[in-house]
Participant: 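Starting off with a structure, shown below.
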Amino acid sequence: MTCSVKTTLRRSDIRRHPAISFPARPGRAFWLGFSLAGSLLAVPVVTAAPSSIQNDFSDNAVLATLPDVSPNLSSAPKNVDELADEVQQLIGQARKTGDPRFLGYAERLLGDWPEPDFTDRLRVLRATLAQSLHRFDLARQDLERVLQTTDQRRQRIQSRLTLANLELVQGRYVKAREHCQALADLYPGLIAASCLAQTEARTGRAESAYRRLRGQLASASNADPTSQLWAEGTLGDLAAQLGLDSAAVHWGAVLQQSPDDLYTRAQLADWQLQASNLQATLALTKGYDQVDALAVIRAIALREAGAPEAEALADSLRERFAEAQWRGTLLHQRDFARFQLDIENRPALALKHALANWETQREPLDTRLVLRAAQSAADQSALKRLQQWLAQYDQTDHRYPETP
């Protein structure tokens with residue numbers, strides 16, 4: 001559906017509808033009985049001087065193409081179960097489409113519900129939403145409360161997995177392993193095995209973790225499809241860390257079954273770009289210009305391929321990032337930092353935002369970007385800091401640039 005918006009649109013209305021973005025993967029999310037999808041996170045608001053914003057539009061100008069299906073929020077949910085179902089569906093839509101407006105809809109629904117009436121399931125969903133908005137401490141509070149008080153096994157499993165994921169994202173590997181092991185005791189299988197494999201891989205044992213998880217997947221012929229896809233995606237991450245070509249095979253298997261898994265699509269596209277497989281990169285990113293991570297990867301690939309449309313996409317991203325800064329809603333600093341490094345050739349600015357992102361999100365691709373930006377900016381202090389952190393956990397990754 002396409003709609004025309006007149007120039008009388010209030011700025012307060014614009015603030016409620018941030019630009020479509022998709023983050024660096026902060027880990028996957030999993031709900032029992034619900035579909036597998038990548039998580040969506042936002043980074044803290046960036047304060048910036050207002051950029052030049054165009055506000056002279058004709059009455060018939062098309063300013064935005066909205067989703068074909070918008071949630072019907074005209075009436076409040078009738079009960080707590082209906083509320084939970086709607087919030088879960090909205091979070092799933094955000095992950096599937098990369099459109100953070102669905103997170104806003106979910107936040108509104110939860111905000112309207114009285115706190116004393118919250119159930120364990122609602123607290124887990126609120127924590128999932130908080131994690132998606134980078135409110136990690138709030139997410140921990142809800143999840144730890146559920147673990148302390150709930151008698152529902154499903155919510156204990158979900159809380160353990162979400163906490164493990166949160167700690168992995170932030171590079172707190174001792175805590176992550178504790179949650180992964182507790183998950184394995186409570187819910188043994190490929191999900192827990194993948195969780196443990198991630199912690200091992202990030203702490204110096206990537207090769208053995210990959211080999212063990214690959215064997216576990218091969219022998220788990222009766223595992224449910226979600227668990228199998230989860231393990232395949234994890235194997236893709238571990239193979240990429242080891243520099244194995246099988247990374248593309250594992251991620252490809254996930255996308256074949258779940259093409260809307262935006263995290264896996266971005267991981268594979270980035271892998272192909274780093275290998276200079278430009279046509280494969282362009283095929284994976286085609287049609288995803290409204291997803292920041294994929295759009296930035298595509299812009300880099302187009303430029304490297306000398307494609308005539310490269311500058312048009314770069315201009316579109318410049319406008320999108322400028323508008324986000326003006327509105328104070330620059331959601332994903334990693335994507336912005338990578339754009340500054342690889343498109344704008346501004347390593348100092350790229351390093352500033354890459355480091356700000358790395359303070360709260362320490363996935364391997366976040367670390368790699370800081371290393372690359374620090375090398376380009378010749379910032380020895382930043383390089384030394386990253387090297388010390390990597391040495392602390394004996395973390396290596398084939399994708400990291402060599403450092404002196």
Side-chain angles (χ1 to χ4, degrees), residues 23-32 34 37-45 83-84 87-88 90-92 94-95 100 103-104 106-107 109-111 113-187 191-192 194-196 198-199 202-203 230 263 331-334 356-363 366-367 389 392-393:
R25 175 255 205 181
R28 288 188 176 130
F30 168 73
W31 283 306
L32 293 176
F34 194 58
S39 295
L40 186 83
L41 294 186
V43 293
V45 171
L83 171 63
V87 169
Q88 186 166 306
L90 288 167
I91 295 174
R95 290 174 177 149
L103 297 179
E107 188 173 30
L109 284 175
L110 288 173
W113 201 260
E115 176 69 27
D117 296 339
F118 264 57
T119 62
D120 291 330
R121 183 186 176 198
L122 275 184
R123 288 193 177 90
V124 170
L125 285 168
R126 185 169 64 182
T128 303
L129 179 63
Q131 183 192 15
S132 298
L133 297 171
H134 252 186
R135 300 167 187 167
F136 295 124
D137 289 340
L138 291 176
R140 281 191 184 91
Q141 290 175 18
D142 268 334
L143 294 169
E144 289 172 354
R145 177 175 177 178
V146 170
L147 286 176
Q148 292 170 2
T149 62
T150 191
D151 58 359
Q152 300 175 35
R153 182 170 179 268
R154 176 173 294 192
Q155 301 311 325
R156 292 187 66 81
I157 293 171
Q158 185 64 65
S159 296
R160 282 294 183 192
L161 180 57
T162 307
L163 277 168
N165 176 67
L166 192 157
E167 304 298 359
L168 271 169
V169 167
Q170 296 205 282
R172 300 175 180 181
Y173 302 122
V174 174
K175 279 287 187 182
R177 181 170 180 79
E178 290 175 1
H179 288 301
C180 291
Q181 187 57 60
L183 178 65
D185 296 338
L186 182 63
Y187 187 66
I191 299 292
S194 297
C195 187
L196 288 165
Q198 288 275 21
T199 63
R202 306 278 176 87
T203 54
W230 189 286
Y263 160 70
L331 296 180
H332 307 124
Q333 290 194 80
R334 194 183 87 182
N357 171 68
W358 194 77
E359 290 298 333
T360 58
Q361 188 163 304
R362 298 186 177 186
E363 291 288 287
D366 301 301
T367 301
W389 184 81
Q392 177 184 351
Y393 293 106

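The figures that follow rest on heavy atoms only: side chains count, while hydrogens, waters and symmetry mates do not.
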Participant: Can any side-chain N or O of Arg156 pair as donor or acceptor with the backbone N or O of Leu147 at less than 3.5 Å?
Facilitator: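 Yes, the answer is positive, given that a donor and an acceptor are paired below the 3.5 Å cut-off.
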Participant: Apply side chain to side chain contact (heavy atoms under 4.5 Å, CB included) to Tyr187 and Leu161, showing your working.
Facilitator: CA-CA 10 Å; Tyr187 187 66; Leu161 180 57; over 6 Å; no
Participant: Evaluate the criterion side chain to side chain contact (heavy atoms under 4.5 Å, CB included) for residue pair Leu103 and Leu90; output intermediate values, then yes/no.
Facilitator: CA-CA 7 Å; Leu103 297 179; Leu90 288 167; over 6 Å; no
Participant: Does any part of the side chain of Phe118, heavy atoms only, come nearer than 4.5 Å to the side chain of Leu110, both counted from C-beta?
Facilitator: yes
Participant: Going by salt bridge (Lys or Arg N to Asp or Glu O under 4.0 Å), Glu167 matches just one of Arg177, Lys175, Arg140. Which one?
Facilitator: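 Single pass found, and it is Arg140.
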Participant: Any donor-acceptor pair under 3.5 Å linking the side chain of Thr203 with the backbone of Thr199?
Facilitator: yes
Participant: Does a salt bridge link Glu363 with Arg202, judged by any charged N lying under 4.0 Å from a carboxylate O?
Facilitator: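 Yes, Glu363 and Arg202 are salt-bridged.
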Participant: Would you call the rings of Tyr393 and Tyr173 parallel, tilted or perpendicular, taking 30° and 60° as the class edges?
Facilitator: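 It falls in the perpendicular class, over 60°.
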Participant: Using modelled atom types only, decide if a donor and an acceptor are shared between the side chain of Arg126 and the backbone of Gly111 within a distance under 3.5 Å.
Facilitator: no
Participant: Output yes when a side-chain donor or acceptor of Arg123 lies under 3.5 Å from a complementary backbone atom of Arg145, and no otherwise.
Facilitator: no
Participant: Evaluate the side-chain proximity of Arg172 to Leu166: yes if any heavy-atom separation is below 4.5 Å, no if none is.
Facilitator: no
Participant: With sequence neighbours left out, what residues match Gln181 under side chain to side chain donor-acceptor pair (under 3.5 Å)?
Facilitator: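 Checked Gln181 against side chain to side chain donor-acceptor pair (under 3.5 Å); matches are Asp185.
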